[in-house]
Structure formats: C-alpha cells, structure tokens
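In what follows, a structure is listed as structure tokens, so that the remarks can point back to it.
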Amino acid sequence: MSENSERYARNFDTLTWLEQDRLASAKVSVLGLGGLGGGVCEMLARIGVGHLTLIDGDVFEASNLNRQLLCTEALVGTSKAKAAEERIRAVNSLVQVTPVAVYADKATLFDMITGSDLVVDCLDSIHGRFMLQDAARKAQIPVVGGAIAGVSGQVTVIFPEDKGYELIYGKRDHLPARGVESHTGNISYCALMVAAVQASECIKLLLGRGDVLQNKMLIMELWSNSFEIMDLV
Amino acid sequence: MAEIKIEIKLFVTLTAFAPKNADNFPVQEGTTVEMLIRDLNIPADTVKLIFVNGRKQDTTYVLTSGDRLGLFPPVGGG
C-alpha cells in the first residue's frame, strides 16, 4: 500500500473510495483560527479535504493557550493563519493550503471565500457572523456555524436561502457585540467538541450524506450532559 | 385559575436564575414566557433564544402543562 492510500486506510469503510476522492477535490474556507477553527482545520486536513483556505488576521496571545490547538508558548505573538498553514502541511502534505493572514471585512470576505464549496464560521464576534452569512449568501455556499461559551456550545448549518443567524441572535440592528462568553470564558474540551461537530457537518455537506442541521441548532451543555437538537423554524 | 407544572432549563449564565423545583415548576394557567421570565427575575434582554419542547418560540407563547422550556443567552465565542 502506498503512503497516500495508507494515510486514509482508517477512513474505511466509513467512507467509500469515491467519497475519499470527492473530499480530495473539495474546497473549504475556515474563518477564524482560534478554539474552533484550529480544531476544524486539523480534522478536515486529516480526513482528506483537499483544499483549505484558512483566514485569520490575529496573532496568538497567552490567553489562547488554554484551548487553541494551534497555539504553543513559542508561537505567542505570531500569526494564527501562518501557524495553521504550517500545522496542516506537517499533518497532510496532500492538502493545498491557502493562508490568509488578514482580517476579513465586508469588502474582502466575498473574494476570500468564493469558489469554496462551503465556509466554516469559527468567529468570536456576533457581528462578524452576520457579515460571513451575507458573504456566503452572495457566494451561494452554505455556512457551518459554531459558537461556544464556557462548557456550552451550539452548531447550525445555514444555506443561502435560510434566515440563519437572525433566528439565533435576533435582528441585526439589536445585536450585542459579544455573547456571554465574555463572562464565562471558553473551555478546551467544549471548543473541540463543537469543532468536531462542525467538521462532521462539513463532511456530510461535501458528500451529500447524512442529516445536516439546516434550520436546526444542536445545543450541547456539558455540566448537565445535555445534547439536544432544536427546531429554529 | 388552575395551576400547571412545567420543566424549566436555563443555560450558561442564566442558570443563576434557576428556581429550586425547575423540573416540576408550578405556574398559573395562561402564563406567557414573558411573564415567567419576569417572575424569575431574569433581565429580559439577557434571553436570546426561547425553546419550548424543542421548537423556537417567542415571549408571547402561552405555557401549557408539561411544557419543556429552555432559555438561552447569546453565545458567540469561537
């Protein structure tokens, strides 16, 4: 067995070879490379998603060390996008990585994500999430959104025709800048649990397989071990 | 008016407002979610999402016996 087929040997028979090939030609953008994005991009690279655009203008701070997989002590003060690129190249050199080490804004985001099959929302700002939803709608691609606070997390999938974040956060003219995570912080295992669910939703969307959380939200709360799918419409 | 029992689950920062008997909480028939939020002393602007029996509702929803009510603050971290 060649190294490349051995690399994916443990994906079978959960995946078929045809599905593995589809993942190899798939293009995913990840916006935000912190607690969620660091986990999502690693999982997508390991399963074999062939093209990753990794977007974040931020640099690591010491406060990221408690949960962000890409953050090490040596990397504090350095680019998150650059760290993600190096990590993905080290994990799976078959993946074509495009790091984007600038903050996305309304004017630039569409160009960054257009051409992708989907975009993963790993942002930490509610306003930013709406901006991403707008850009994804224009690009006609789905958003896989995840958000965390403390040991609680939520995941949803938004297609271009959906109301999306308005159903979760309300009208955009009455949005708080941040959610309650500004009080609770974010715990490592919760971030990675939500990242794992986001990665799973990505794979299902790319393969057209399984149930996705369109107009639904999976809510997870780890003090009480609550996992529940809520209907948003 | 008759008394009915509902189940209340509060999430993240709202857990601070959870009543002792949240699993079997008595309310008067005709009580809306808005009235209950006020009775529990939860600041109205801290509740972002309301689910009853797994479906999104708004504050005007009239509670009925056996309802499972979930209240969520805005969660936006990444």
Side-chain angles (χ1 to χ4, degrees), chain A residues 31-38 40 56 67-68 120-129 145-154 165 167-170 174-187 190-191 194-195 215-217 219-221 223-224 226 228-233, chain B residues 5-25 27 31-78:
Chain A
L31 187 57
L33 297 169
L36 296 177
V40 167
D56 199 323
R67 69 196 184 284
Q68 298 189 15
V120 195
D121 178 0
C122 300
L123 293 167
D124 61 359
S125 130
I126 293 172
H127 287 281
R129 294 177 185 279
I148 50 174
V151 296
S152 295
Q154 58 196 42
Y165 285 137
L167 297 171
I168 296 173
Y169 297 114
H174 288 94
L175 297 179
R178 294 198 181 273
V180 290
E181 65 281 357
S182 56
H183 301 289
T184 61
N186 289 306
I187 301 300
C190 181
V194 170
N215 288 322
K216 295 175 187 293
M217 187 164 81
I219 289 173
M220 298 156 270
E221 204 284 326
W223 292 127
S224 61
S226 298
E228 197 166 354
I229 295 172
M230 304 292 191
D231 290 316
L232 292 171
V233 292
Chain B
K5 299 283 182 67
I6 63 163
E7 182 183 335
I8 302 172
K9 190 160 168 57
L10 304 178
F11 286 83
V12 206
T13 45
L14 300 183
T15 54
F17 300 96
K20 274 187 182 153
N21 45 350
D23 289 347
N24 200 27
F25 190 76
V27 296
T31 300
T32 64
V33 172
E34 184 177 20
M35 291 159 71
L36 182 72
I37 288 171
R38 197 173 53 232
D39 290 347
L40 294 176
N41 297 313
I42 301 173
D45 60 357
T46 61
V47 178
K48 208 42 142 171
L49 269 176
I50 298 160
F51 290 106
V52 180
N53 304 325
R55 181 170 293 276
K56 181 177 154 71
Q57 299 290 353
D58 63 32
T59 54
T60 61
Y61 177 87
V62 180
L63 293 160
T64 60
S65 182
D67 275 348
R68 290 169 53 243
L69 172 69
L71 301 179
F72 294 79
V75 168

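Residue numbering restarts at 1 for every chain, and letters A, B, ... go by the order of the sequence lines. Bear in mind the structure is a predicted one, so any value in this text is a computation, not a measurement.
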Tell me, side chain or backbone of A:Ile126 under 4.5 Å from chain B's heavy atoms, or both, or neither? side chain

Over all atoms of both residues, closest heavy-atom pair of B:Phe51 and A:Leu232: CZ-CD2, 3.9 Å

B:Lys56 versus A:Leu167, closest heavy-atom pair with distance: NZ-O, 2.9 Å

Highest number of heavy-atom pairs under 4.5 Å with chain B: which of A:Ser182, A:Ala191, A:Gly179, A:Gly185? A:Gly179

In terms of heavy-atom pairs under 4.5 Å with chain B, the winner among A:Asp121, A:Asn186, A:Ile168, A:Val194 is A:Ile168

Any side-chain heavy-atom pair from B:Lys9 and A:Glu228 closer than 4.5 angstrom? no

Can you tell me which of A:Gln154, A:Arg178, A:His183 forms the most heavy-atom pairs within a distance under 4.5 Å of chain B? A:Gln154

Sort by residue number and list every residue of residues 10-23 of chain B having at least one heavy atom under 4.5 Å from chain A. B:Phe11, B:Val12, B:Thr13

At a heavy-atom distance under 4.5 Å, which candidate from A:Thr184, A:Leu175, A:Ile219 has the highest pair count against chain B? A:Ile219

Within the side chain of B:Arg55, is there an N or O that forms a donor-acceptor pair under 3.5 Å with the backbone of A:Met230? no

Kindly give the heavy-atom pair with the smallest separation between A:Val180 and B:Pro73, and that separation in Å. CG1-CB, 3.5 Å

Could you tell me whether a side-chain N or O of A:Tyr169 sits under 3.5 Å from a main-chain N or O of B:Val75, the two making a donor and an acceptor? yes

